[in-house]
Amino acid sequence: MATQKPSIPKGTRDFSPQEMVRRNYIFDTIRSVYKKYGYLPIETPAMENTETLMGKYGEEGDRLIFRILNSANYLSDFKNDEEIIAAKNAGFGAFTNKISEKALRYDLTVPFARYVVMNQNEITFPFKRYQIQPVWRADRPQKGRYREFYQCDADVIGSNSLLNEVELVQIIDEVFAVLKVSVEIKINNRKILAGIAEYVNEKDRFMDIVIAIDKYEKIGDKIYSELKEKGFSDEVVSKLQKFMSLAVEVQELYKEGKGKSALIKLMDVFESVPIGKKGVEEIYQIFSYLSQIYIDKDPKEIPNLILDMSLARGLNYYTGAIFEVKALAGSLKSSICGGGRYDDLTGIFGLPNLSGVGISFGADRIYDVLNELNLYPEEVSASTKLLFVTFSEADQEYCLSILQQVRKAGIAAELYPDAVKMQKQMKYADAKGIPFVAIVGENERKENVVMLKNMKTGEQEKVAITGLIEKIA
RNA sequence: GUGGAUGUAGCUCAGUUGGUUAGAGCAUCAGAUUGUGGUUCUGAGGGUCGCCGGUUCGAGCCCGGUCUUCCACCCCA
């Protein structure tokens, strides 16, 4: 039989033991913070019905959803070739929907909304849940961009209070504090963006305006010429220009700690644009809650939350606050955490007037950042603490009960399963980074001890079985 | 989805205008060392030069296609 060269699909990865230990460190950190704030875990299937996902993420999002071909004969719905051709001609989307009824989940928020609607009678609101599972996107892979990656979501649904936004900011801050990654948390509000579109009298072309604003940080004043190319009038562009310079001014004031006066200035501009004004008020409220929480605190302990009115990213379903988190050190420029408030995600599934807000940590990107900056605590790499090495089967048998006692004391220990050359056994301990080795031969057996060696210092001493556990614990 | 770069041993990379049997370092394995790893010395294994086709007496090298990885756009964790 011809052998085939093994490979894995584009944009996916295997994780070796060392990587898994490190990834679990990230998951465990996030999970423990979520638990501390009272969030409960759920899981949902890897695949959803296509119609559950389609249309929730915008046009671009739909394109990036991984479709699952119907099992068995996926053309069985068609009676003959003519019907197939007719379906194809009716449009690619229609044809795909006919042969693919399921799709891999694109994020955790939409499946969560679906879950909430389906389980609304069992759920006590406000419902705080966390969910750590992989998602899939048929994107073109790049650095920090994968086709399969883990999201770690926390959402509160069934509460309009801005205290939830504040709590999520605290969670973000706490997680990255534990992971020792310094970050900036950018916040904006979709209502402000909507307000801008209204302010320049281009309510109907909201998305074009938003995309331009989002690009401001990257290409600066070029956005104005791009907008003109797209057919926006000089009047609109100059009005936007005026607003953007105000946005920059506001951000400067914010950095100087004069956020309050900056926001009041903004509210003036939005005097005749209620939705924009509402957005600014929400931001104002979030900041004042935070100052309440961190009153009398060292500035270093206060979350690095920055208002950035050019922040427009995030999925289509966001309606209120939006968040984006970036690492301040390292080469990864893309966001490692994002989120926002969505007012009517459950409405599509038949449960209107239920507002939710959530965040999502991108575990894979956080892993890349931690790796580059080498931010893992030392304990993370160590697994086994003690290895028994022996010379004979009799030695091995002698070790068995000791091994059992050590494990019972909660110490990770193993016995090298073959009585091979000691050099080989020692190399194994070294390669695995095991800090202690118990050498057992005829002498040790006679004296009812083990020769305990500290692999780091090279020191070794005879230790009685009773004292072994204390010695290495 | 659009544009660009890349691919040689497990890893990082050499490889001349196309010319015998494709190399190095690290890693692996064995030995030096029958009770001691991380240092040292000796030796060994390991390759369809991403894959398919073409040009040529002859291709790792030239041409076409394809896949992978990476970069920019788009979008996003």
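Below, read A as the first sequence line, B as the second, and so on, with proteins coming before strands; counting in each chain starts at 1. Predicted model, so just to flag it, every value in this text is computed and none were measured.
A/K453 contributes a side-chain N or O that forms a donor-acceptor pair with the base of B/rU36 under 3.5 Å. In the interface, the side chain of A/R140 is paired with the base of B/rU2 through a donor and an acceptor atom under 3.5 Å apart. You'll find a donor-acceptor pair under 3.5 Å spanning the side chain of A/E444 and the base of B/rG35, going by distance alone. Within 3.5 Å, a donor on the side chain of A/D430 pairs with an acceptor on the base of B/rG37, or the reverse.
Because its NZ or CZ atom is not both nearer than 6.0 Å to the ring centre of A/Y318 and within 45° of the ring axis, A/R341 does not count as a cation-pi partner of that residue.
In this structure, the ring of A/F66 has its center no less than 6.0 angstrom from the ring center of A/Y106. In this structure, A/Y130 has its ring center at least 6.0 angstrom away from the ring center of A/Y39. Here the two rings, on A/F361 and A/F176, have centers that are under 6.0 Å apart.
Across the strands present, B/rU36 finds no partner; the criterion is a Watson-Crick or G-U wobble pair with both atom distances under 3.5 angstrom. If you check B/rU55 for Watson-Crick or wobble pairing at under 3.5 angstrom, you find it has no partner at all. In this structure, B/rU2 and B/rA72 make a Watson-Crick or G-U wobble pair, each of the two defining distances being under 3.5 angstrom. When both pairing distances are held under 3.5 Å, B/rA22 makes no Watson-Crick or G-U pair with any nucleotide shown.
B/rC67 and B/rC51 have their C1' atoms separated by 7 Å, with the value rounded to a whole Å. Taking atom P in both B/rC57 and B/rU69, one finds a spacing of 38 Å when rounded to whole Å. When the P atom is used for both B/rG15 and B/rG7, the distance is 11 Å, rounded to whole Å. Using atom C1' as the reference point in both B/rU28 and B/rG18, the two lie 35 Å apart (nearest Å). Between the C1' atoms of B/rG58 and B/rG4, the separation comes to 33 Å (whole Å). Rounded to whole Å, the separation between the C1' atoms of B/rG25 and B/rU8 comes to 15 Å. Look at the P atom in both B/rU17 and B/rC13: the space between them is 22 Å, to the nearest Å. Using C1' as the reference atom, B/rA14 and B/rC49 are 13 Å apart when rounded to the nearest Å.
No engagement by A/G58 is indicated, since no non-hydrogen atom pair under 4.0 Å with the nucleic acid exists. Nucleic acid contact for A/G458: base, since at least one base atom lies under 4.0 Å from a heavy atom of the residue. Using a 4.0 Å heavy-atom cutoff across all strands shown, A/Y150 reaches no nucleic acid atom at all. Residue A/I336 is classed as a sugar-phosphate contact, given heavy-atom separations below 4.0 Å to backbone atoms only. In this structure, A/I211 reaches the sugar-phosphate backbone alone: every heavy-atom distance under 4.0 Å involves primed, P, OP1 or OP2 atoms, never a base. At the heavy-atom level, A/K326 lies nowhere under 4.0 Å from the strands shown. Residue contacts shown for A/D139 include a base, since a base heavy atom lies under 4.0 Å away.
Neither OP1 nor OP2 of B/rG37 sits under 4.0 Å from any side-chain N or O of A/Q425. In this model, the phosphate group of B/rG37 is not approached by any side-chain N or O of A/K456 to a distance below 4.0 Å at OP1 or OP2. OP1 or OP2 of B/rG31 lies within a sub-4.0 Å distance of a side-chain N or O belonging to A/K421. Residue A/K10 has a polar side-chain atom (N or O) positioned under 4.0 Å from OP1 or OP2 of B/rU68. In this structure, A/K218 reaches the B/rC73 phosphate: one of its side-chain N or O atoms is under 4.0 Å from OP1 or OP2.
Closest to the side chain of A/M426, from the set B/rA77, B/rU2, B/rG37, is B/rG37. Looking at the side chain of A/K143, the nearest of the listed nucleotides B/rU36, B/rC75, B/rC71 is B/rC71. With distances taken from any side-chain atom of A/K427 to the nucleotides B/rA72, B/rC70, B/rG38, the minimum falls on B/rG38. Here B/rG37 is the nucleotide among B/rC71, B/rG37, B/rG35 with the atom lying nearest to any side-chain atom of A/Q423.
Open room surrounds CE on A/M47; 12 or fewer heavy atoms of other groups in view lie less than 6.0 Å from it. Shown here is A/Q405, whose CD atom has more than 12 heavy atoms of other residues, nucleotides or ligands within 6.0 Å. Counted within 6.0 Å of CE on A/M118, heavy atoms from surrounding residues, nucleotides or ligands total 12 or fewer; the atom is thus considered open. At most 12 non-hydrogen atoms from other residues, nucleotides or ligands lie less than 6.0 angstrom from NZ of A/K471.
With rounding to whole Å, A/D107 atom CG is found 10 Å from B/rA77 atom C1'. When the P atom of B/rC75 is taken as reference, atom CD1 of A/I213 falls 13 Å away, rounded to whole Å. Nucleotide B/rG37 holds its P atom 15 Å from the CE atom of A/M451, rounded to whole Å. In this entry the distance linking CG of A/N443 with P of B/rU36 reads 13 Å, nearest Å. As a whole-Å value, the separation of A/D208 CG from B/rC75 C1' is 15 Å. The distance between atom OH of A/Y146 and atom P of B/rU69, rounded to the nearest whole Å, is 11 Å. What separates CD of A/Q18 from P of B/rC11 is a distance of 16 Å, to the nearest Å. Between the P atom of B/rG3 and the CD atom of A/Q142 lies a distance of 15 Å, rounded to the nearest Å.
Of the two residues near RNA chain B, A/G11 and A/M455, the one whose nearest nucleotide lies more 5' is A/M455. Position along RNA chain B of the nearest nucleotide to A/R145 versus A/R63 favours A/R63 as the more 5'-ward residue.
The two residues A/I192 and A/M309 come nearest to each other via the heavy atoms CG2-SD, 4.0 Å.
A stacked arrangement is not assigned to A/F391 and the six-membered base ring of B/rG35, the conditions of a centre distance below 5.5 Å and an interplanar angle below 30° not being jointly met.
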